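Input: a single structure, listed below in structure tokens.
Only a predicted model underlies this, so the values are computations on that prediction, with no experimental measurement involved. Naming: A, B, ... by sequence-line order, numbering from 1 per chain.
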2 protein chains.
Amino acid sequence: MGTSLEIENRSLHDQVVSRVRDLIIEGALEPGARIDEADLIQRLGVSRTPFREALRTLAAEGLVIVRPSRGSTVRKLTREDVKSMLEVLGHLEQLAGELACARASEDEVAALVDLHNQMMKHYLARDRMPYYKLNQEFHSRLTALSKNGSLQEMQSNLQARLKRIRYIGNEKPEYWAGAVADHETMVAALKKRDGKALGEAMATHIRNTWDRVKDSI
Amino acid sequence: MGTSLEIENRSLHDQVVSRVRDLIIEGALEPGARIDEADLIQRLGVSRTPFREALRTLAAEGLVIVRPSRGSTVRKLTREDVKSMLEVLGHLEQLAGELACARASEDEVAALVDLHNQMMKHYLARDRMPYYKLNQEFHSRLTALSKNGSLQEMQSNLQARLKRIRYIGNEKPEYWAGAVADHETMVAALKKRDGKALGEAMATHIRNTWDRVKDSI
DNA sequence: TACTTTATACTTGTATACAAAATACATGAT
DNA sequence: ATCATGTATTTTGTATACAAGTATAAAGTA
């Protein structure tokens with residue numbers, strides 16, 4: 001994923017898409033806010049044509065709403081949106097967990113366990129940001145071990161849409177501890193290659209995520 | 001879904017997207033084929049700007065591949081693509097089945113059973129086309145009964161991508177009979193509101209779909 | 001003949017200009 | 001004062017022109 005090989009020849013379109021996506025995910029563009037074309041194309045230094053194409057891509061990804069003749073806004077997720085997305089994400093990661101146990105190589109499992117150990121270090125040091133980032137990567141990479149491209153695509157789309165909300169919702173210390181416990185269970189199951197158990201653990205983990213974030217929406 | 005209320009004020013963008021999408025799904029534009037901008041904008045009577053925006057939407061939906069500076073092609077699904085999509089679709093519809101049993105109203109169940117009965121009539125008359133169309137609708141509407149918008153969105157995206165291949169693959173009579181048997185099982189479980197059973201039946205049905213289509217890819 | 005190189009045509013990408021629609025504002029009637 | 005109506009301003013949508021890149025074909029070289 002994060003290798004720099006295929007990133008070299010990024011088209012302007014891709015660049016604009018990911019820059020605007022980042023602005024949305026990081027909250028520089030607030031949910032529900034109007035997207036000011038004139039302002040953004042200025043800031044990004046591109047003209048309207050590629051910018052609007054990027055908006056169409058982001059709209060299809062579900063991050064932006066385009067209302068004909070009345071401009072675009074950053075999609076604002078309702079409680080129901082988040083709940084339904086997490087319901088699906090949990091189910092997808094359950095499948096990912098099952099498949100990963102069946103299909104991952106020993107090395108791949110070892111690499112993921114390493115990542116997990118790093119996360120634990122950050123947890124012990126209470127470094128929220130690096131933990132959060134590795135956590136995203138953990139879920140992405142575990143999903144990748146399913147060797148199912150379509151699953152990865154959908155997982156990553158949902159993860160991107162929910163990124164902001166999950167970050168906000170994870171603030172209380174007891175919540176964090178709960179998430180860490182979930183991860184310990186998951187890694188144990190992965191080591192044992194117990195697909196059913198890992199799947200269950202993933203699903204439970206995401207159900208818990210809902211409990212963690214639901215009050216901050 | 002199919003109500004005409006929200007369709008009234010369709011923007012040009014939406015129209016172009018769905019017309020090109022139909023051309024792809026119906027096979028008028030063959031998988032792997034180059035998309036000739038000049039030709040298509042002529043045929044659709046629009047200019048390049050809205051057409052290219054539509055291509056970006058279709059690319060994000062996974063129906064079109066845009067290679068920078070060298071044009072767009074209709075995405076051609078590999079065996080692996082189809083297999084992984086069906087793996088995910090089966091899992092999603094399993095969830096849909098479980099949720100539908102828990103959340104659908106009596107009327108909604110009755111309406112779906114009606115639809116099923118119509119399908120059976122077409123099967124007995126061996127009218128493939130109307131059966132096929134109702135089948136798509138059956139899966140969409142059952143998924144809608146999950147009352148999970150995100151799930152519907154992903155199901156409908158996968159269904160669209162696979163539409164053509166599933167149509168091609170369903171030609172042998174014994175395959176058709178098998179699909180019909182699956183549907184009988186599904187409807188029986190839905191009537192009993194047995195979520196686990198319906199979920200299982202849906203998953204099995206889609207696994208069988210792979211067996212039905214795999215040799216025609 | 002095979003392999004470069006170079007010129008040409010064609011396709012794609014981006015910017016901009018113009019048209020259409022929507023919003024904001026002001027004026028006047030009730 | 002409130003609402004309606006008409007006008008101005010801003011924003012969005014589409015077409016087109018130009019620039020940049022890619023593929024094609026022709027000519028030259030080994």
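Heavy-atom contacts from other residues, nucleotides or ligands closer than 6.0 Å to NZ of A:K83 number 12 or fewer. The 12-atom threshold is exceeded at NZ of B:K214, counting heavy atoms of other residues, nucleotides or ligands nearer than 6.0 Å. More than 12 heavy-atom neighbours from other residues, nucleotides or ligands sit within 6.0 angstrom of CD on B:Q15.
Annotation: cation-pi geometry not satisfied between A:R141 and A:F138 (NZ/CZ under 6.0 angstrom from ring centroid, within 45° of ring axis).
Atom P of nucleotide C:dT14 and atom CD of A:E53 are separated by 7 Å, given to the nearest angstrom. To the nearest angstrom, P of D:dT12 lies 10 Å from CG of A:L55. Put simply, CG on A:L12 is 14 Å from P on D:dA20, counting in whole angstrom units.
For B:R48, counting side-chain heavy atoms from C-beta on, the closest listed nucleotide (C:dA15, D:dT16, D:dA15) is D:dT16.
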Show me, pair by pair, the donor-acceptor contacts under 3.5 angstrom made by side chains of residues 61-69 of chain B, not counting sequence neighbours?
unit_1 : atom_1 : unit_2 : atom_2 : d
B:E61  : OE1    : B:R21  : NE     : 3.1
B:E61  : OE1    : B:R21  : NH2    : 3.3
B:E61  : OE2    : B:R21  : NH2    : 2.8

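A close approach under 4.0 Å does occur between a side-chain nitrogen or oxygen of A:R70 and OP1 or OP2 of C:dT23.
With hydrogens and angles ignored, a donor-acceptor pair closer than 3.5 Å exists between the side chain of B:T49 and the base of D:dA15.
Against DNA chain D, the stretch residues 34-44 of chain B makes no heavy-atom approach under 4.0 Å.
Side-chain atoms of B:H116 and B:H183 form no donor-acceptor pair, as typed in the model, at a separation below 3.5 Å.
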